Every structure is written in C-alpha cells, then in structure tokens.
Amino acid sequence: MAHKFLDDVGARREVRPDKFGRKGDKRKQKWAEQRKIYGFDERETWAMDCTFRCWLYERLRFFLEVAPIRLDYHKFTFKDKEYTQGELIDMMLERLEFSFKPEYNDFDKEQEEYVNEIQQIWALVMPCMWW
C-alpha cells in the first residue's frame, strides 16, 4: 500500500507501521487477511505512538490540499500565545516531520517534549477539523 506523504517526507522505516516486519516475514499473509477484515493489520498496534503520528501526518497533509476553508478563521491559545488553525497545523507538521527523522531521539527530554506537543495541539484544533 502506498503512503505518498510518508514516502515524500522520507519517514524512516522504524516509525512506519506499514514497514514493520522483515522481508520474507511469514506473517505477511496473516497481515493481509487482517487488512481485508479490519482495514489495518496488527502492526498498527505495536507502536501506537508511531501509528498515530503517521496517521495524523498523512491526513493533515491531505487536508491542506483538499479543504476549501479558511484556516485563519479559528483562533486558539497555545502556550499563552494566539495562533490560527493553519499555524497550528503547520506546527504539528513540523513536529511530525522531525519525529520521522533519524535525529529524533525520544530519550532526549527536550526532543520528546517538542514532539509530544503534537497531541496538545491536536486536542485544540480537532473540533474544527472538518469542512
């Protein structure tokens, strides 16, 4: 299955549930059957932080391409500063892209805090993510 946005950004293999497993893995048939039944396979439950970040990145990128709405209409406060919906989407995309890079080290407290802001920002804008 193609994941254009993850491919385009160069998301490393270790953070992509669609790439979990080894070449020639005997579970491939099982995963294919799970996808037919559920629409996804068990690999998406192995590291749900990665799964969420990949899911959100792809959908935010596509949302920006297709949503016919003004992204400067809704305003939100994050860390005592006001931002538009579009600015917060850009902030999430920056953090998501950073989390896909080899430089990201989730044992580095500063880096982890930066990436974990994605969830906080998403919670703010999620009620307005429709058109």
Side-chain angles (χ1 to χ4, degrees):
M1 182 183 330
H3 288 273
K4 178 190 179 349
F5 295 114
L6 295 175
D7 293 340
D8 288 352
V9 77
R12 58 193 162 94
R13 181 178 183 83
E14 302 85 53
V15 300
R16 293 183 55 167
D18 62 309
K19 302 288 186 187
F20 292 169
R22 295 183 176 93
K23 287 191 185 252
D25 198 306
K26 295 176 183 173
R27 299 170 288 182
K28 282 189 177 192
Q29 181 60 37
K30 176 183 174 183
W31 297 334
E33 290 171 17
Q34 290 172 339
R35 284 191 300 279
K36 284 182 188 174
I37 296 167
Y38 304 109
F40 62 95
D41 65 62
E42 68 184 66
R43 294 175 296 171
E44 291 191 26
T45 69
W46 293 358
M48 290 180 71
D49 57 336
C50 295
T51 299
F52 172 73
R53 287 195 294 263
C54 289
W55 177 89
L56 185 61
Y57 183 77
E58 291 176 305
R59 273 113 189 119
L60 288 175
R61 288 289 310 272
F62 200 46
F63 181 84
L64 290 177
E65 288 187 12
V66 299
I69 61 170
R70 288 182 45 199
L71 295 175
D72 61 351
Y73 178 78
H74 295 290
K75 307 266 194 290
F76 306 88
T77 302
F78 178 67
K79 291 188 166 187
D80 299 322
K81 187 175 174 194
E82 187 174 85
Y83 297 94
T84 66
Q85 182 179 6
E87 289 171 326
L88 289 175
I89 290 171
D90 289 343
M91 288 170 62
M92 284 187 287
L93 290 170
E94 288 172 13
R95 286 156 177 75
L96 288 161
E97 289 175 6
F98 177 70
S99 77
F100 299 150
K101 294 181 179 185
E103 300 87 61
Y104 174 54
N105 175 0
D106 60 358
F107 292 109
D108 179 304
K109 186 176 179 179
E110 188 176 311
Q111 289 183 9
E112 184 183 28
E113 286 175 4
Y114 177 71
V115 169
N116 284 339
E117 287 178 350
I118 296 163
Q119 294 89 262
Q120 298 164 17
I121 299 168
W122 178 241
L124 288 172
V125 300
M126 187 173 59
C128 297
M129 295 300 295
W130 56 274
W131 50 276

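All values reported here derive from a predicted model rather than from experimental measurement.
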Measure the [atom1]-[atom2] distance between [X] and [Y] for me, rounded to the nearest 0.5 Å.
X    : Y    : atom1 : atom2 : result
R95  : W122 : CZ    : CH2   : 15.5 Å
D106 : Q111 : CG    : CD    : 9.0 Å
E103 : D108 : CD    : CG    : 12.0 Å
E82  : E87  : CD    : CD    : 9.0 Å

If Ile, Leu, Val, Met, Phe, Trp and Tyr residues are connected whenever their side-chain heavy atoms lie under 4.5 Å apart, and connections chain through other members, are [X] and [Y] in the same group?
X    : Y    : value
V66  : L6   : yes
W55  : Y38  : no
M126 : W130 : no
M48  : W46  : no
L124 : Y73  : no

Does any part of the side chain of [Y], heavy atoms only, come nearer than 4.5 Å to the side chain of [X], both counted from C-beta?
X    : Y    : value
M91  : L88  : yes
E42  : W31  : yes
E117 : E113 : no
M129 : L60  : yes
Y114 : S99  : no
F5   : R59  : no
L64  : L71  : yes
F63  : I69  : yes

Donor-acceptor contact below 3.5 Å, side chain Q85 vs main chain H74
no
So for atom [atom1], which belongs to [X], do other residues, nucleotides or ligands contribute more than 12 heavy atoms lying within a distance under 6.0 Å?
X   : atom1 : value
E65 : CD    : yes
F62 : CZ    : no
K75 : NZ    : yes

Between I118 and L96, is a side-chain contact (heavy atoms from CB on, under 4.5 Å) present by the stated rule, with each step listed?
CA-CA 7 Å; I118 296 163; L96 288 161; 3.6 Å; yes
Test applied, side-chain hydrogen bond (donor to acceptor under 3.5 Å, both in side chains); reference residue, H3; option that passes from E58, R16, K19:
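For H3, the side-chain hydrogen bond (donor to acceptor under 3.5 Å, both in side chains) test succeeds with only one of E58, R16, K19, which is E58.
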Exactly one of R35, R27, K28, K30 should register a side-chain hydrogen bond (donor to acceptor under 3.5 Å, both in side chains) with D41. Which one does?
R35
Side chains of R61 and Y57: donor-acceptor distance under 3.5 Å anywhere?
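A pair is found: one side chain offers a donor N or O, the other an acceptor, under 3.5 Å apart.
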Looking only at heavy atoms, which two atoms of T51 and E44 are closest? And how far apart?
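Closest pair (atom of T51, atom of E44, distance): OG1-O, 2.9 Å.
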Identify the two heavy atoms, one from P17 and one from C54, that lie closest to each other, and give their separation to 0.1 Å.
CD-SG, 3.9 Å
Going through the distances and angles, do I89 and Y83 end up as a side-chain contact (heavy atoms from CB on, under 4.5 Å)?
CA-CA 10 Å; I89 290 171; Y83 297 94; over 6 Å; no
Please identify each residue that fulfils salt bridge (Lys or Arg N to Asp or Glu O under 4.0 Å) with D80, with sequence neighbours left out.
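Listed in chain order: nothing, the list is empty.
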